[in-house]
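Quick note: residue numbers are just sequence positions, from 1.
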Amino acid sequence: MSRLAQTAGLTDIQREILATVRDFVDKEIIPVATELEHRDEYPAQIVEGLKELGLFGLMIPEEYGGLGESLLTYALCVEEIARGWMSVSGIINTHFIVAYMLKQHGTEEQRAAFLPRMAAGEVRGAFSMSEPALGSDVAAITSKGIRDGDSYVLNGQKMWLTNGGTSSLVAVLCRSDEGHPEGTAPHRSMTTFLVEKEPGFGEVRPGLTIPGKIDKMGYKGVDTTELIMDGLRIPANRVLGGATGRGFYQMMDGVEVGRVNVAARGCGVAQRAFELGVSYAQQRHTFGKPIAQHQAIQFKLAEMATKVEAAHAMMVNAARKKDSGERNDLEAGMAKYLASEYCKEVVEDAFRIHGGYGFSKEYEIERLYREAPMLLIGEGTAEIQKMIIGRRLLEEYRFQG
């Protein structure tokens with residue numbers, strides 16, 4: 001039998017890309033991931049390797065210097081990278097979402113200005129929706145962009161920016177009342193602004209401050225920050241798409257593909273947890289035999305492997321649906337929900353298989369145990385996914401009475 005989570009119907013190019021990424025993960029990420037994670041150290045050398053592989057431009061069209069690959073190819077690469085260290089996949093994901101939004105919604109001038117440099121990894125992307133009192137209620141955004149001549153002045157505080165410090169381009173969602181009178185539905189008065197900045201912390205440009213990294217339980221290495229705008233002046237040509245009022249739809253489009261990415265991350269982490277669990281179960285002996293020969297452990301391994309396969313299949317289906325040009329919010333929501341929940345369960349079962357050693361920082365499963373919970377809330381909580389799924393199901397199965 002081949003390893004778990006194989007994908008049928010891939011082209012030779014896709015298989016070659018995935019083999020290259022998997023080899024990089026095995027040689028360059030897994031051996032150093034736990035040490036870097038314990039130090040909360042940004043994986044600069046790994047990121048340089050990803051740049052050389054062209055992964056920052058994987059889905060950027062060839063005309064802008066990218067590889068022009070599909071969402072499926074990208075998701076499968078993310079799955080491999082998350083198998084090595086989930087934080088690295090997060091560095092790529094936020095960059096990818098901004099590049100995707102530019103490709104889908106940007107003006108030609110904006111695409112030409114940013115996409116070639118993003119494909120090369122010279123410009124790193126981050127995107128910002130959430131705020132300190134916001135959570136999943138995007139309509140409650142209070143940050144504002146006010147027109148002032150040929151510029152906009154931005155004020156507000158944003159929260160939970162992945163790549164907040166290391167990025168040089170941030171897509172920021174704000175409320176913009178220009179052309180949207182009082183009483184306009186909240187989602188019709190939001191605008192995405194493309195904010196260029198210097199990498200680093202503190203005041204990174206006049207009116208824009210990136211405080212230090214938020215100290216997190218897991219998902220370390222990658223910088224997660226706040227973003228504070230106080231009189232930040234942005235040229236009018238840095239409104240994504242050139243028109244206000246479209247920001248909510250642009251962001252939701254980006255988040256939709258981001259949910260496929262989070263599902264892929266859940267698949268990758270679950271795969272690694274299964275690998276660690278099945279390996280340890282064959283090395284650890286109790287009552288005169290490897291614990292893998294005890295029926296209780298075999299049942300656990302069987303459940304873990306089935307969950308890995310099921311999550312992978314749903315993730316692949318969601319990616320292929322998006323690649324076909326069809327609406328995939330139902331499939332993406334289901335994939336994200338299932339993969340993140342199954343990831344948590346597979347990681348916990350691998351942790352249980354390790355027994356007391358799973359609690360030791362010397363074992364890799366301890367890191368995965370702290371990383372898996374982030375997937376339960378990233379790109380929308382399980383409850384948000386179930387709301388999306390439920391509404392779509394009612395559209396599809398509307399009662400004809």
Report task. Apply side chain to side chain contact (heavy atoms under 4.5 Å, CB included) to the pair V47 and V88, showing each step before the final yes or no. Result -> CA-CA 8 Å; V47 169; V88 178; 5.7 Å; no
Query raised in the report: Is there a side chain to side chain contact (heavy atoms under 4.5 Å, CB included) between L169 and F114 once you walk through the steps?
Result: CA-CA 9 Å; L169 176 66; F114 294 115; 3.8 Å; yes
Requested in this report: Would you sort out whether K144 and S176 count as a side-chain hydrogen bond (donor to acceptor under 3.5 Å, both in side chains), showing the intermediate values?
Outcome: CA-CA 6 Å; K144 288 187 177 180; S176 173; over 6 Å; no
Query - Nearest-0.5 Å distance, OG of residue S87 to OH of residue Y42 - result: 11.0 Å
Report task. Provide the closest heavy-atom pair for D329 versus I388 in the form atom of the first, atom of the second, distance. Result -> O-CG2, 3.9 Å
**Report entry** Salt bridge present between E109 and R238 (N-O < 4.0 angstrom)
**Finding:** yes
Query raised in the report: Under 30°, 30 to 60°, or over 60°: which ring-plane class applies to H95 and F56, parallel, tilted or perpendicular?
Result: perpendicular
Requested in this report: Without swapping roles, check the side chain of T162 against the backbone of G90 for a donor-acceptor pair under 3.5 Å.
Outcome: no
Requested in this report: Say whether, by atom type as modelled, one donor and one acceptor occur between the side chain of Q14 and the main chain of T11 under 3.5 angstrom.
Outcome: yes
Query raised in the report: Would R367 and E37 pass as an ion pair if we require N to O under 4.0 Å?
Result: no
Query raised in the report: Do N93 and R265 come within less than 4.5 Å of each other through their side chains, counting heavy atoms only?
Result: yes
Report task. Applying side chain to side chain donor-acceptor pair (under 3.5 Å) between S279 and each of Q283, Q282, E275, report the one that passes. Result -> Q283
Query raised in the report: Under 3.5 Å, is there a donor-acceptor pair between the W160 and E226 side chains?
Result: no
Query raised in the report: Does the side chain of R233 reach to within under 4.5 Å of the side chain of D148, using non-hydrogen atoms?
Result: yes
**Report entry** Which atom of I97 lies closest to which atom of G258, heavy atoms considered
**Finding:** CD1-CA, 3.9 Å
Query - Salt-bridge present (R205, E198; N to O < 4.0 Å) - result: no
Query - Under 3.5 Å donor-acceptor, E131 side chain and S143 backbone - result: yes
Report summary line: Interatomic distance, CZ@F24 vs CD@E52, rounded to 0.5 Å, equals 8.0 Å
Requested in this report: Would you confirm whether Q385, through its side chain, and E379, through its main-chain N or O, come within 3.5 Å as a donor-acceptor pair?
Outcome: yes
Query raised in the report: So, the side chain of E203 versus the backbone of L208: is there a donor-acceptor pair under 3.5 Å, distance only?
Result: no
Query - Main-chain N/O of T166 paired with D223 side-chain donor or acceptor, under 3.5 Å - result: yes
Query raised in the report: Is the backbone of L276 close enough, under 3.5 Å, to the side chain of E364 for a donor and an acceptor to pair up by distance?
Result: no
Query raised in the report: Are side-chain heavy atoms of I234 and L194 found at a separation under 4.5 Å?
Result: no
**Report entry** Value rounded to 0.5 Å, distance of OH in Y249 from CE in M190
**Finding:** 9.5 Å
Requested in this report: Determine whether more than 12 heavy atoms belonging to other residues, nucleotides or ligands lie under 6.0 Å from atom NZ of K216.
Outcome: yes
Query raised in the report: To the nearest 0.5 Å, what is the distance between CD1 (I210) and NZ (K158)?
Result: 12.0 Å
Report task. Measure the spacing between OH of Y219 and CH2 of W85 and express it to the nearest 0.5 Å. Result -> 11.0 Å
Report task. Measure the acute angle between the ring planes of Y363 and H354, then classify it against the limits of 30° and 60° as parallel, tilted or perpendicular. Result -> perpendicular
Query raised in the report: Salt bridge between D12 and R15, side-chain N to carboxylate O under 4.0 Å?
Result: yes
Query raised in the report: Does E309 reach the main-chain N or O of T306 with its side chain, forming a donor-acceptor pair under 3.5 Å?
Result: no
Report task. May I ask you to say whether K103 pairs ionically with E63, meaning some side-chain N is under 4.0 Å from a carboxylate O? Result -> no
Query raised in the report: Below 4.0 angstrom, N of the basic side chain to O of the carboxylate: do E348 and K344 qualify?
Result: no
Query raised in the report: Can any side-chain N or O of K336 pair as donor or acceptor with the backbone N or O of G378 at less than 3.5 Å?
Result: yes
Requested in this report: Answer yes or no: are there more than 12 heavy-atom neighbours, outside I13 itself, under 6.0 Å from its atom CD1?
Outcome: no
Query raised in the report: Between A281 and I353, which heavy-atom pair has the shortest distance, and what is it?
Result: CB-CG2, 4.2 Å
Query raised in the report: Can you name the nearest heavy-atom pair linking A140 to R175, along with the distance?
Result: C-NH2, 4.1 Å
Query raised in the report: More than 12 foreign heavy atoms under 6.0 Å from CD of E16: is that the case here?
Result: no
Report task. Please assess M129 against V255 for the test side chain to side chain contact (heavy atoms under 4.5 Å, CB included), listing each intermediate value before the final yes or no. Result -> CA-CA 10 Å; M129 284 196 303; V255 168; 3.5 Å; yes
Query raised in the report: Per the side chain to side chain donor-acceptor pair (under 3.5 Å) rule, which among R392, R398, R391 passes with E395?
Result: R392
Query raised in the report: Does the side chain of T94 reach to within under 4.5 Å of the side chain of I91, using non-hydrogen atoms?
Result: no
Query raised in the report: Between I214 and T225, is any pair of side-chain heavy atoms under 4.5 Å apart?
Result: no
Query - Interatomic spacing from CD1 in I377 to CD1 in I384 - rounded to 0.5 Å - result: 12.5 Å
Query raised in the report: Between E326 and S324, is a side-chain hydrogen bond (donor to acceptor under 3.5 Å, both in side chains) present by the stated rule, with each step listed?
Result: CA-CA 6 Å; E326 297 181 66; S324 72; 3.2 Å; yes
Report task. State plainly whether the residues R83 and D26 are in salt-bridge range, i.e. N to O under 4.0 Å. Result -> yes
Query raised in the report: Is it true that K213 and D40 make a salt bridge, defined as a side-chain N closer than 4.0 Å to a carboxylate O?
Result: yes
Query raised in the report: What are the two closest non-hydrogen atoms of L67 and G54, and how far apart are they?
Result: CD1-O, 3.8 Å
Query - Whether over 12 other heavy atoms sit under 6.0 Å from E108 CD - result: yes
Query - Beyond-backbone contact of V204 with T209, side-chain heavy atoms, under 4.5 angstrom - result: no
Report summary line: Taking every heavy atom of C77 against every heavy atom of L58, the minimum-distance pair comes out as SG-CD2, 3.9 Å
Query raised in the report: Does a salt bridge link E256 with K322, judged by any charged N lying under 4.0 Å from a carboxylate O?
Result: yes
**Report entry** Test: K51 and E48 ion pair at under 4.0 Å
**Finding:** yes
Requested in this report: For residues T191 and R246, determine if any side-chain heavy atom of one lies less than 4.5 Å from a side-chain heavy atom of the other.
Outcome: no
Query raised in the report: Within the side chain of R117, is there an N or O that forms a donor-acceptor pair under 3.5 Å with the backbone of A113?
Result: yes
Query raised in the report: Is any side-chain heavy atom of P211 closer than 4.5 Å to a side-chain heavy atom of F201?
Result: no
Query raised in the report: Yes or no on side chain to side chain contact (heavy atoms under 4.5 Å, CB included) for R370 and K220, after CA distance, side-chain angles and deciding distance?
Result: CA-CA 10 Å; R370 287 183 290 103; K220 293 179 178 289; 4.2 Å; yes
